[in-house]
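None of the values given here were measured: they were computed from a predicted structure.
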Amino acid sequence: MAASKPVRRARAALVVLFLLLIGMGGGLAYGVQQGQAQWAPLLALDLEGGTQMVLSPQVETGEEIDDDQLEQAVEIIRQRVDGTGVAEAEIAVQGAENVVVGMPGVPDEETRELIQASAAMEFRPLLDARFDTSYVEEMRIEELSENPDLTDEEREEILSQVEALEEDEDFAEDEQARPEDFDEPSAEPEDNSDLNWITPELAAEFQNYECTRDLPLAEREAQEPDQPLITCNPDTGEVLLLGPVDVDGDNIDDASWGTESRQDGTPTGAYETVIHFDADGTEQFRESSTRLFGYEQGSPQNRFGIVLDGQVVVAPNMISPITDGNARITGGYTDEEARNLAEQLRYGSLPISFQIESEQQISATLGSEQLRMGLLAGIIGLILTAAYAVYQYRTLALAVTIPSLIVVGLITWWAISLLGWSDGYRLSLAGIAGLILSIGLTADSFVVYFERVKDELREGRSLAGAVEAGWSRARRTILASKAVNIIAAVVLYLVAVGNVRGFAFTLGLTALIDVILVFLFTHPLMQLLARRKFFAAGKRFSGLSARELGVDVLYKGAGRFARSQVVYSDHAAAAVVGSVGESDSAPPGAAGNDARSDSRRDVPDIPDEEWASMTIAERRKAREDRRQAQERSLTEGADR
């Protein structure tokens with residue numbers, strides 16, 4: 001026999017949930033296998049401890065720092081360290097000027113560099129470029145030593161690249177370039193890409209420049225926006241001679257990253273970073289990109305450098321004029337590389353330069369005891385919720401509520417671990433409080449749904465019909481409740497900082513998971529259980545028996561009483577409708593089997609599913625309408 005439509009829908013929903021769990025578990029397992037994730041959630045500063053850095057502002061002697069400048073600097077540092085607001089980093093002002101940054105765990109080199117990258121960002125056109133052979137050779141040797149698994153062919157390829165760079169050098173390694181080796185400019189420069197900016201002194205300095213990862217602060221302060229700049233890209237070892245500033249970093253409105261696509265829209269498999277300029281930046285970059293595009297592809301003058309802290313972050317080619325203020329930077333980036341570049345661009349400008357004065361490891365501010373107590377509180381709350389559900393709903397709770405809590409716990413655990421891998425989410429004590437609160441909010445959804453189903457049973461529907469009718473009403477209530485929870489979480493997240501944001505994020509996340517659970521597990525499971533005889537017949541301890549539904553003797557008026565009827569199956573519904581249709585004076589049970597068979601036979605034009613979902617009063621009216629229609633038909637026939 002083919003399954004009914006509700007059963008098919010229930011099975012499909014459970015399959016979707018199963019695939020979701022497989023996807024989450026498989027993704028997390030892959031991250032653990034790659035050494036990039038872990039099964040347990042990451043812990044925040046208050047539970048795990050971490051690193052504390054003291055930043056001091058770098059200003060000229062006698063210059064005072066404005067409170068607004070310091071506040072803006074702190075906010076930008078906060079965004080750099082914790083752009084998503086869920087890594088539970090702590091940033092605060094210490095004394096009159098110093099900024100204290102507390103981060104969970106040990107920050108990697110990229111994060112530490114991001115904190116130190118605190119000078120203004122600039123967009124400058126390239127005038128010339130070369131590689132620092134010694135620097136590149138050191139990088140390649142370091143790469144060979146750190147990767148012992150490289151094949152002989154790969155090692156030879158790396159060494160051949162270094163040899164090719166040595167052959168392209170204009171000067172020997174021990175030979176210094178002198179201004180006399182270069183010609184004087186032929187005219188005054190006409191724009192920022194004009195090679196007449198290169199004087200003999202500047203050309204000699206460019207040829208003698210050596211790359212370094214640590215640019216002295218004095219050089220960083222010596223930058224002039226209307227003069228050329230010699231700097232280096234420490235990631236590639238390329239020395240760059242840049243023209244004056246075309247666009248200032250303050251004109252960046254935002255930066256994002258995503259998958260790179262070809263012109264036909266197909267993905268390339270790599271990632272790109274997109275810079276979004278404001279109105280002034282759009283006009284300035286339109287003029288700059290149009291000028292750079294006019295130079296030959298592959299030449300230094302076809303490129304521009306993005307300078308941060310006196311060093312080049314990236315120096316891409318200009319493949320087309322950018323007129324809409326959205327510049328795309330491509331180059332075979334990985335997801336992590338594109339994201340790091342976007343964060344550097346987004347938070348690249350600080351009103352004050354900072355320097356890390358001290359760095360130390362700090363212990364957890366709360367410690368393992370508080371973590372243990374928080375988890376214990378959550379377990380106690382879970383046990384009490386489960387115990388109440390079993391007391392109130394008997395076997396129904398064991399079949400639906402307990403499995404639902406297990407599934408929601410598994411999804412939440414994996415979601416937090418995945419977010420720790422992808423977005424640096426860390427679980428603080430405030431986040432644990434949000435998880436404990438979510439247990440009660442999840443139980444609310446069960447109570448609303450189950451009580452709606454019981455109300456429909458009291459109205460005389462079969463269990464299958466009561467599940468569908470109760471769901472249509474409970475669904476609106478559950479969605480309204482979760483919408484309120486999510487709105488509150490979003491507002492709290494936007495206006496708060498630190499641990500409070502972690503609490504808000506956890507609260508909103510669990511509300512979304514609860515909605516997924518109710519739609520993909522709780523309701524589908526109820527649809528399947530409604531077809532089981534134990535529940536459909538209202539057996540004792542099922543949670544849906546007449547006694548457990550609280551069926552009472554009802555007064556019908558004129559000294560007559562009747563016990564309210566509860567319908568669990570179509571056969572029982574037929575018996576009830578048949579008995580109610582008889583004369584009030586008929587003794588109990590007078591309808592007997594005839595009434596049971598006649599009640600459904602009298603209305604053959606109503607589909608079975610519709611009949612199962614009808615109340616006693618609706619079935620009684622349907623039979624009465626059918627009887628009157630037959631009488632009218634007989635009367636009309638007699639008149640003829």
Side-chain angles (χ1 to χ4, degrees), residues 17-51 78-90 102-115 255-260 267 269-273 333-344 346-347 364 371 374-375 407-432 434-435 438 489 493 498-499 501-513 516-517:
L17 179 63
F18 177 76
L19 294 177
L20 175 64
L21 290 173
I22 291 295
M24 294 180 67
L28 188 57
Y30 173 78
V32 173
Q33 193 271 334
Q34 295 293 319
Q36 300 175 352
Q38 61 183 42
W39 290 106
L42 298 176
L43 298 179
L45 189 65
D46 57 349
L47 299 176
E48 183 185 46
T51 304
R78 188 190 310 279
Q79 295 296 332
R80 286 180 174 182
V81 174
D82 187 11
T84 60
V86 295
E88 300 289 355
E90 297 180 359
M103 304 178 60
V106 179
D108 54 23
E109 190 61 30
E110 292 179 350
T111 303
R112 189 174 282 104
E113 291 177 356
L114 191 62
I115 295 175
S256 58
W257 81 97
T259 55
E260 179 185 346
Y271 289 81
E272 65 180 7
T273 300
Y333 295 123
T334 63
D335 179 37
E336 184 177 359
E337 291 170 342
R339 179 176 60 183
N340 290 337
L341 178 57
E343 289 178 351
Q344 285 181 309
R346 185 185 301 159
Y347 312 121
L371 174 61
L375 294 177
V407 173
V408 76
L410 185 63
I411 294 177
T412 303
W413 185 276
W414 284 356
I416 291 174
S417 298
L418 286 170
L419 288 170
W421 174 25
S422 62
D423 295 303
Y425 174 80
R426 288 181 175 267
L427 191 61
S428 64
L429 193 61
I432 293 177
L435 293 179
S438 70
Y493 179 86
N499 288 347
R501 296 191 81 181
F503 170 80
F505 183 85
T506 305
L507 188 63
L509 174 66
T510 52
L512 289 175
I513 293 176
I516 294 174
L517 176 81

Distance from Glu336 atom CD to Tyr271 atom OH, nearest 0.5 Å? 11.5 Å
If you measure from CG on Leu512 to CD1 on Ile516, what distance do you get to the nearest 0.5 Å? 6.5 Å
Going by heavy atoms in the side chains, are Leu42 and Ile416 under 4.5 Å from each other? no
One should read off an interatomic distance between Tyr333 OH and Glu260 CD, to the nearest 0.5 angstrom, of 10.0 Å
Side chain to side chain donor-acceptor pair (under 3.5 Å) involving Trp257 - partner list, sequence neighbours excluded: Asp335
What distance separates Leu418 CG from Ile411 CD1, expressed to the nearest 0.5 Å? 11.5 Å
How close do Gly502 and Tyr425 get, heavy atom to heavy atom, and via which atoms? O-OH, 4.3 Å
Residues forming a side chain to side chain donor-acceptor pair (under 3.5 Å) with Ser422, sequence neighbours excluded: none
Looking only at heavy atoms, the pair that brings Pro41 and Trp413 closest together is CD-CZ2, 3.4 Å
If the condition is side chain to side chain contact (heavy atoms under 4.5 Å, CB included), which residues does Ala489 pass it with, not counting sequence neighbours? Leu507
Where do Leu28 and Ala37 come nearest, in terms of heavy atoms and distance? CD1-CB, 4.2 Å
Those residues at least two apart in sequence (or on a different chain) that pass side chain to side chain donor-acceptor pair (under 3.5 Å) with Ser417 are none
Partner set under salt bridge (charged side-chain N to carboxylate O under 4.0 Å, His left out) for Glu272, not counting sequence neighbours: Arg328
Closest non-hydrogen contact found for Gly431 with Thr506 is O-CG2, 3.4 Å
Looking at Thr273 and Ala338, what are the two nearest heavy atoms and their distance? OG1-O, 3.0 Å
Does Thr412 have any side chain to side chain donor-acceptor pair (under 3.5 Å) partners at least two apart in sequence or in another chain, and if so, which? none
When rounded to the nearest 0.5 Å, the distance separating CG of Leu17 from CG of Leu517 is 7.5 Å
Assess whether side-chain contact (heavy atoms from CB on, under 4.5 Å) is satisfied between Leu419 and Trp414, documenting all intermediate values. CA-CA 8 Å; Leu419 288 170; Trp414 284 356; over 6 Å; no
Would you say Leu435 and Leu427 make side-chain contact, with heavy atoms under 4.5 Å? yes
Hey, does the side chain of Glu337 reach the backbone of Thr334 with a donor-acceptor pair shorter than 3.5 angstrom? yes
Gap separating the CD atom of Gln34 from the CH2 atom of Trp421, nearest 0.5 angstrom: 8.0 Å
